[in-house]
Amino acid sequence: MPLFHRPKPSDDPSPAAAAAIREASDRCVACGLCLPHCPTYGDSLNENESPRGRISLLRAAADGVLPVTPALTAHIDHCLGCLACEKACPSRVPYGALLKNGRAWLTGKSPWTWRRQWQRALIQAVDLPGAVATAYGAARILGSLSWPRAAPMGLREAVRGLPARPRPALVNREEAHPADVALFRGCTADLDRPALNAAMRILHALGVRVHVPSAQGCCGALAAHAGFADIASRQRQRNRQAFAGSAPVLVSVASGCAAELRHDDAYPGGQFPAVSDIHRYLVEQTDLGRLALSPLPQTIAVHDPCSLRNALGDTRFVYDLLTRIPEARVIELPGNEVCCGAAGDYFLREPARAHALARPKAAAARAVGADVVVSANIGCALHLSAALARQGVNVPVQHPLLVVARQLPPLGDPC
């Protein structure tokens, strides 16, 4: 598929998306119980910036009552997709699916522009070999320049959270079958190498056989959230083929990827593994008593990514795993019920809003005296790391598995 692609009428996803919008919006009774849980509504007190308002806008546009205008599209784009509203909704409106269908519908109805084409090309390019590492290098160069137009504010701030230089992940190899779990690397393997290697070390220490298919790629979340449903569909199909029959369970170190991969849990006619957040898998399906962890007399403040808290509902397993470390004080980072502002690529697209949401997180880490902040999603970790640096808080942000793996005996230690 070429990176640059002028849409044809046959590519328009709007008919199916419009039907999905109508079906989902029919469940909304406009009770307003979602409003207190919506970060953008809380910031603006604008009904159009609320879940209820966005549902009404999308339904009216799909029905032809409202025209598709830049103002309408902006209200939909401002949504973080944190799903706090979906969790609070008594009518169980599938807001996450509605939002994706809404953005796909708007993409089909919006005019073709070079800016939108570049966004599409960049999202599609993440599956090319070395693409993320190349983008990483470019981001560090552009982000270090003082000329504001060289890189958007979100990019300049995001590079603060990146490691000094990217190195290919060591977990890019196939392993012999049969396997107990398949490990998802995704498109961020070059950046998330420490978490991936920590996962491999912990799983091997527990005697878990791990399979890492080399043909896997991006989970599709970036494309789906941007409204490029065709790209997301191709990326999901690639992963279905890569993981079919690989293992009974697929685990991911990034909660956002795990939430997106859940779409394929019950793929008809396939053998796609059951998807699990890796912390849940470790707590529920392994014998953690086999891990000989050394003491860590530190305060670990746990940030709950929205994908883990609202989409997967699996936050407690991170705490269960970390409390296995002797002498560690594991606490919840205050304000976890509110999105940190990372939200996929939101912190790049809407840096001012994202910064405002991350500011209280950094203040909370300082207030509780955290020695380390942990987050199970790489986007959140990068965003929080930059927020802490902006406020002069010298606290690292790490993946929970990295903290656990560092307390294991040195490799080669018979104990």
Side-chain angles (χ1 to χ4, degrees), residues 160-164 192-208 251 253-255 277-305 308-309 314-337 340 342 358-378 380-415:
R160 296 191 187 194
L162 294 175
D192 221 6
R193 171 187 173 175
L196 289 165
N197 289 332
M200 290 290 282
R201 186 160 180 224
I202 294 169
L203 289 166
H204 285 162
L206 292 167
V208 177
V251 295
V253 301
S255 59
D277 169 68
I278 191 168
H279 307 90
R280 180 169 191 161
Y281 174 82
L282 291 172
V283 171
E284 291 191 335
Q285 300 189 46
T286 69
D287 179 12
L288 291 176
R290 297 178 58 180
L291 296 181
L293 301 175
S294 60
L296 182 66
Q298 291 186 351
T299 296
I300 304 172
V302 181
H303 165 259
D304 297 339
L308 195 60
R309 185 182 186 94
D314 288 349
T315 53
R316 74 174 180 87
F317 299 103
V318 173
Y319 298 84
D320 289 347
L321 181 62
L322 290 171
T323 52
R324 295 271 178 169
I325 303 175
E327 299 183 26
R329 177 176 175 248
V330 182
I331 62 173
E332 181 178 353
L333 185 67
N336 266 342
E337 69 280 1
C340 71
R359 197 173 299 119
K361 310 288 185 181
R366 187 203 301 268
V368 300
D371 295 294
V372 60
V373 174
V374 298
S375 179
N377 200 59
I378 183 171
C380 298
L382 294 176
H383 185 51
L384 290 171
S385 182
L388 288 164
R390 283 195 300 272
Q391 294 197 25
V393 182
N394 188 24
V395 175
V397 182
Q398 299 174 348
H399 196 283
L401 296 182
L402 189 59
V403 176
V404 174
R406 284 175 175 165
Q407 303 312 115
L408 287 170
L411 291 175
D413 190 326
C415 296

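- Interatomic distance, Ser385 OG to Arg390 CZ, rounded to the nearest 0.5 Å: 10.0 Å.
- Rounding to the nearest 0.5 angstrom, the gap separating the CG atom in Leu333 from the CD1 atom in Ile300 is 13.0 Å.
- Residues Ala301 and Ala370 share a closest heavy-atom pair of CB-CB, 3.8 Å.
- Expressed to the nearest 0.5 Å, how far CG of Leu401 lies from CE of Met200 amounts to 12.5 Å.
- If you check the side chains of Arg309 and Thr315, you find no donor sitting under 3.5 Å from an acceptor.
- Across all non-hydrogen atoms, the minimal contact from Gly369 to Thr299 is O-CB, 3.8 Å.
- For Gln407, the side-chain hydrogen bond (donor to acceptor under 3.5 Å, both in side chains) partners two or more places apart in sequence, or in a different chain, are Ser294.
- Nearest heavy-atom pair across Leu402 and Pro194 is CD1-O, 4.0 Å.
- For the residue pair Gln391 and Ala363, the shortest heavy atom distance occurs at OE1-N, 3.9 Å.
- Glu284 pairs by the side chain to side chain contact (heavy atoms under 4.5 Å, CB included) definition with Arg280, Arg316, Phe317, not counting sequence neighbours.
- The distance from atom CG of Asp314 to atom CG of Asp304, rounded to the nearest 0.5 Å, is 11.0 Å.
- To the nearest 0.5 Å, the span separating OG on Ser255 from CG on Asp277 amounts to 7.0 Å.
- Atom NE2 of His279 and atom CG of Leu322 lie 7.0 Å apart (nearest 0.5 Å).
- Between Val302 and the choices Val372, Val373, Val330, Ile331, the side-chain contact (heavy atoms from CB on, under 4.5 Å) rule is met once, by Val330.
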What side-chain donor-acceptor pairs closer than 3.5 Å can you find for residues 286-293, not counting sequence neighbours?
residue : atom : partner : partner atom : Å
Thr286  : OG1  : Leu282  : O            : 2.4
Asp287  : OD1  : Gly289  : N            : 3.1
Arg290  : NH1  : Leu206  : O            : 2.9

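- The minimum heavy-atom distance linking Val253 with Ala199 is given by the pair CG1-CB, 3.7 Å.
- Between His303 and Asn336, the closest side-chain pair of non-hydrogen atoms falls below 4.5 Å.
- In terms of heavy-atom proximity, Ser375 sits nearest to Ala381 at OG-N, 4.2 Å.
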